[in-house]
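Worksheet: the structure to be examined is printed underneath.
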Amino acid sequence: MAEFSLDSSFIPALHKPAALLPVARYRDQLLYVIETFPVTIVIGQTGSGKTTQIPQFLERAGWCADGKIIGVTQPRRVAATTVALRVADEVGCEVGKEVGYSIRFEDVTSSATRIKFLTDGLLIREALVDPLLSRYSVIMVDEAHERSISTDILLGLLKKIRRKRPDLRIIISSATLQAEDFLDFFTISSEGKATTRTADAEEGVAKIVSLEGRTFPIDILHLAAPTENYVDKAIDTVFDIHTHEGPGDILVFLTGREEIDTAMRAVSEKVSQGGDQYAGFQALPLYAGLSSEEQMHVFDKAPEGRRKVVFSTNIAEASITIDGIVFVVDCGFVKLRAYNPRTGIETLTATPVSKASASQRAGRAGRTKPGKCFRLFTEDDFHNLPEANTPEIQRSNLAPIVLQLKALGIDNVVRFDYLSSPPSEFMSKALELLYSLGALDEYAKLTRPLGLRMAELAVEPMMAKTLLSAPSYGCLSEMLTISAMTSFGGSIWFYHDGEQKAMERSRRKFAADEGDHLTLLNAYSAFVTKGKKEARFCHENHINYKTMTQAVSIRAQLKRYLERFGVDTSESLASHQGESELKLKAENIRRCLTSGYFAHAARMQPDGTFRNVEGDMTMHAHPSSLLFNRKADWVIFHEVMETGDKTFIRDITKIEKGWLLEAAPEFYKLSDKRAELP
DNA sequence: TTCGGTGGG
């Protein structure tokens with residue numbers, strides 16, 4: 001027999017044969033339940049094959065007759081595309097033909113498409129055009145247990161649509177045992193909910209089907225006594241695993257970049273000081289702020305004889321799956337957003353994880369063989385954890401959601417059938433802001449065209465207002481850029497360890513006296529004139545290339561929307577402009593920003609901190625802002641965020657006090673709390 | 001004097 005190496009002669013199958021997946025045994029049962037009940041709730045662990053197989057079962061069973069299609073939603077873009085590619089491969093078609101996907105900026109579907117994967121946010125937007133989602137015979141909402149805002153809103157819409165479309169089939173898929181909540185939601189009518197919860201449960205509407213998972217057993221260990229410092233404890237645990245346990249990679253859950261950097265440094269110090277027993281580590285960081293290139297390193301196999309240790313934020317809980325993890329170390333905390341409706345401030349605080357999260361994290365250890373999970377908290381602590389975290393919709397600014405619901409024709413946003421109703425103060429705050437922006441009239445009805453257009457633009461309400469007033473300030477092209485540059489959460493600037501000063505020098509090259517918005521405009525202009533051609537431009541200037549190309553796409557999309565509204569978007573050719581013209585242009589941009597961001601105004605105090613208009617809150621310029629450590633008087637800002645014991649404002653631009661009154665006379669006149677303005 | 005979990009259009 002000829003000699004061959006196992007490694008080079010065999011290519012591992014990318015996907016397990018579908019017939020071997022647990023879901024295959026449930027095919028007939030699933031088809032029967034879906035046929036019989038309008039709503040099916042599928043409980044299936046990762047690896048059960050539900051996402052890839054159920055749509056194919058349905059298609060073959062004839063659910064795409066009459067040209068209708070099967071829609072499968074995902075909470076994340078990357079999931080929608082990868083699952084579509086896999087299913088297209090199994091079906092044996094090119095992606096975009098019978099099987100396709102649709103995410104923002106990428107519609108890979110055609111008239112032949114029968115199974116379509118898409119983000120839940122995008123399906124909500126489809127409902128703006130087609131309120132009954134009439135193209136779909138079946139809609140499967142995957143990963144519903146994550147309870148993202150979009151998923152929750154979508155489920156509310158589907159419940160409403162179902163009454164008008166008895167033929168529609170809804171499948172809710174959930175990895176944990178929160179299925180009862182979904183069952184209650186679909187079987188109890190909203191009227192019934194208002195009176196007695198149990199009285200009006202509708203029989204025969206929804207049914208739960210539980211699929212067997214295919215994960216390996218995981219040993220879960222808790223601390224005997226609580227720890228004071230979980231970062232130190234995590235590092236000790238990693239070294240204990242290394243010396244006492246068999247081979248296998250380690251995944252450590254921490255809460256943020258700072259902790260991850262600390263852990264990375266501690267490991268490399270120990271490795272350099274310690275003896276042989278500490279050798280052989282490959283430590284890697286993982287968090288969203290890294291460039292995608294850096295994130296990819298966590299998928300590399302550790303060099304022979306070395307053990308991979310990934311220090312990660314919550315991104316590894318659901319968004320990024322690393323195979324080969326045998327040990328999980330869970331610090332027991334996660335940073336979660338909270339919203340204070342009185343101040344309008346979102347905070348980011350480390351919070352104990354939920355039981356659902358803890359078991360999801362533990363499950364990351366058993367994907368390829370039996371694993372172990374070390375929890376850095378006691379078993380008592382575990383029993384005291386909440387079953388699930390507060391759904392996002394109950395801890396976020398609701399202005400974007402209210403605007404979207406109004407545009408979907410849901411006038412009474414308070415009585416909308418939410419899976420979990422948001423607190424009423426959140427609702428009033430959102431209505432107040434939308435009214436002052438002119439998106440709602442005094443009866444809280446959506447205004448036309450302004451409110452409707454704001455809802456259609458894929459940016460936050462304050463920025464949408466700014467963009468729609470830009471033509472009257474003669475700065476539409478600039479505002480398109482600024483909107484695009486501020487509408488993705490993160491920063492365009494990034495740096496590796498020790499390069500922070502160099503990054504700050506690069507950033508200063510684009511600085512504008514007026515503040516951060518004009519600085520972003522300068523950076524974008526430089527990118528489209530030089531950066532697109534020269535590969536080195538981004539690298540040399542510490543700019544994230546991927547983020548910049550994203551900004552280019554967002555800008556183009558916003559421009560198309562405005563064209564559809566009949567706005568003239570033709571760019572005034574940048575003829576040579578003199579100093580005074582540039583100043584005037586900059587002033588118009590600042591006035592325009594004030595027209596949308598008047599509610600985010602602040603004044604610098606003699607000590608360099610900022611005070612809000614009501615005068616009851618002290619805020620600091622974020623160190624990433626140009627106005628950090630610089631003099632200013634009145635400013636508007638894009639974002640305010642509280643971390644630890646300080647409140648920071650980000651993306652700040654200088655304005656004149658008088659512009660605030662011009663932009664929102666009622667907002668400033670009616671309230672006697674706005675002390676500092678006449 | 002110095003910071004930010006994760007998503008989506």
Side-chain angles (χ1 to χ4, degrees), chain A residues 73-80 102-107 118-128 143 146-154 253-261 286-290 312-320 331 333-338 346-351 353 357 360 389 392-393 395-396 400-401 403-404 407 454-461 463-464 483-484 487-491 493-495 500-501 503-504 550 553-554 557-558 560-561 607-609 620-625 627-629 639-651:
Chain A
T73 71
Q74 296 291 327
R76 282 169 291 278
R77 295 161 53 92
V78 61
S102 193
I103 57 177
R104 187 181 189 185
F105 308 129
E106 270 183 80
D107 182 14
L118 72 171
T119 49
D120 38 27
L122 198 63
L123 187 60
I124 294 173
R125 293 188 76 85
E126 281 189 12
L128 282 174
E143 314 285 356
E146 288 186 20
R147 302 291 309 272
S148 74
I149 289 179
S150 304
T151 303
D152 273 20
I153 295 293
L154 181 59
F253 283 101
L254 296 173
T255 69
R257 177 179 181 161
E258 203 179 314
E259 286 174 9
I260 290 168
D261 286 346
L286 180 62
Y287 48 88
L290 292 173
S312 173
T313 62
N314 219 30
I315 194 171
E317 191 180 302
S319 308
I320 292 181
C331 77
F333 286 85
V334 62
K335 278 190 185 168
L336 284 183
R337 177 171 45 209
E346 292 191 324
T347 51
L348 204 55
T349 333
T351 318
V353 293
S357 270
Q360 174 79 9
N389 284 120
E392 209 182 2
I393 200 166
R395 47 187 171 85
S396 305
I401 298 153
L403 188 59
Q404 198 155 37
M454 282 172 63
E456 287 182 10
L457 283 172
V459 291
E460 248 87 279
M463 188 53 89
S483 302
S487 68
F488 42 77
S491 167
W493 315 98
F494 82 104
Y495 59 94
Q500 189 172 350
K501 284 275 174 290
M503 182 277 288
E504 280 166 11
Q550 229 177 310
S553 306
I554 296 174
Q557 191 188 43
L558 293 173
R560 281 197 302 276
Y561 271 112
D607 65 356
T609 64
H620 300 259
H622 192 277
S624 70
S625 170
L627 293 183
F628 179 71
N629 272 345
E639 206 179 28
V640 51
M641 170 79 63
E642 190 185 306
T643 56
D645 51 357
K646 273 187 177 174
T647 302
F648 290 96
I649 53 178
R650 252 186 58 123
D651 290 335

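Chain letters run A, B, ... following the sequence lines, proteins first, then strands; residues in each count from 1.
- Computed from coordinates, the A/I320 CD1 to B/dT6 P distance equals 9 Å when rounded to whole Å.
- Within the nucleic acid shown, A/I554 has no heavy atom closer than 4.0 Å to any nucleic acid atom.
- Both A/P400 and A/T255 sit near DNA chain B, but only A/T255 has its closest nucleotide nearer the 5' end.
- Backbone-only contact: A/S319 has heavy atoms under 4.0 Å from sugar-phosphate atoms and none from a base.
- Atom CG of A/L336 is separated from atom P of B/dG7 by 14 Å (rounded to the nearest Å).
- Side-chain proximity of A/K646 to B/dT1, B/dG9, B/dT6: nearest is B/dT1.
- Nucleotide B/dG8 holds its P atom 14 Å from the CZ atom of A/R125, rounded to whole Å.
- Comparing B/dC3, B/dT1, B/dG9 by their nearest atom to the side chain of A/N629 picks out B/dT1.
- Among B/dG9, B/dG7, B/dC3, the nucleotide with an atom closest to any side-chain atom of A/I315 is B/dG7.
- For the salt bridge (Lys or Arg N to Asp or Glu O under 4.0 Å) test, no residue two or more places apart in sequence or in another chain qualifies with A/E460.
- Regarding A/L290, its CG atom lies at a distance of 19 Å from the P atom of B/dC3, rounded to whole Å.
- You'll find that the side chain of A/K335 is closest to B/dG5, out of B/dT2, B/dG8, B/dG5.
- When the side-chain nitrogen and oxygen atoms of A/S150 are compared with OP1 and OP2 of B/dG9, none of them lie within a distance under 4.0 Å.
- Nucleic acid contact for A/F105: none, since no nucleic acid atom lies under 4.0 Å from a heavy atom of the residue.
- Considering only side-chain atoms of A/E460, the nucleotide from B/dT1, B/dG5, B/dG8 that sits closest is B/dG8.
- A/E106 has its CD atom 15 Å from the C1' atom of B/dG8, to the nearest Å.
- Checked against B/dG5, B/dG7, B/dC3, the side chain of A/F648 finds its nearest nucleotide in B/dC3.
- Checked for salt-bridge contact, A/E259 and A/K335 miss the test: no charged N lies under 4.0 Å from a carboxylate O.
- To the nearest angstrom, P of B/dT6 lies 11 Å from CZ of A/R257.
- Between the CG atom of A/L348 and the P atom of B/dG7 there is a distance of 13 Å, given to the nearest Å.
- Taking only side-chain nitrogens and oxygens, A/R77 comes nearer than 4.0 Å to OP1 or OP2 of B/dG9.
- A/T119 comes within 4.0 angstrom of the backbone, heavy atoms only, and of no base.
- With rounding to the nearest 0.5 Å, the separation of OG in A/S357 from CG in A/L336 is 8.0 Å.
- By the neighbour-count criterion of 12 heavy atoms within 6.0 Å, atom CD of A/E258 is sparsely surrounded, having that number or fewer from other residues, nucleotides or ligands.
- One interatomic measurement links the two molecules: CZ of A/F333 to P of B/dG5, which rounds to 15 Å at whole-angstrom precision.
- Partners of A/S624 under the side chain to side chain contact (heavy atoms under 4.5 Å, CB included) rule, at least two apart in sequence or in another chain, are A/R507, A/H622, A/R650.
- For B/dT6, one of the phosphate oxygens OP1 or OP2 lies less than 4.0 angstrom from a side-chain nitrogen or oxygen of A/T313.
- Taking only side-chain atoms of A/R104, from C-beta outward, the nucleotide of B/dC3, B/dG7, B/dG9 with the closest atom is B/dG9.
- With DNA chain B read from its 5' end, the first of the two nearest nucleotides for A/K501 and A/Q557 is the one closest to A/K501.
- The OG atom of A/S150 lies 13.0 Å from the CD atom of A/Q74; values are rounded to the nearest 0.5 Å.
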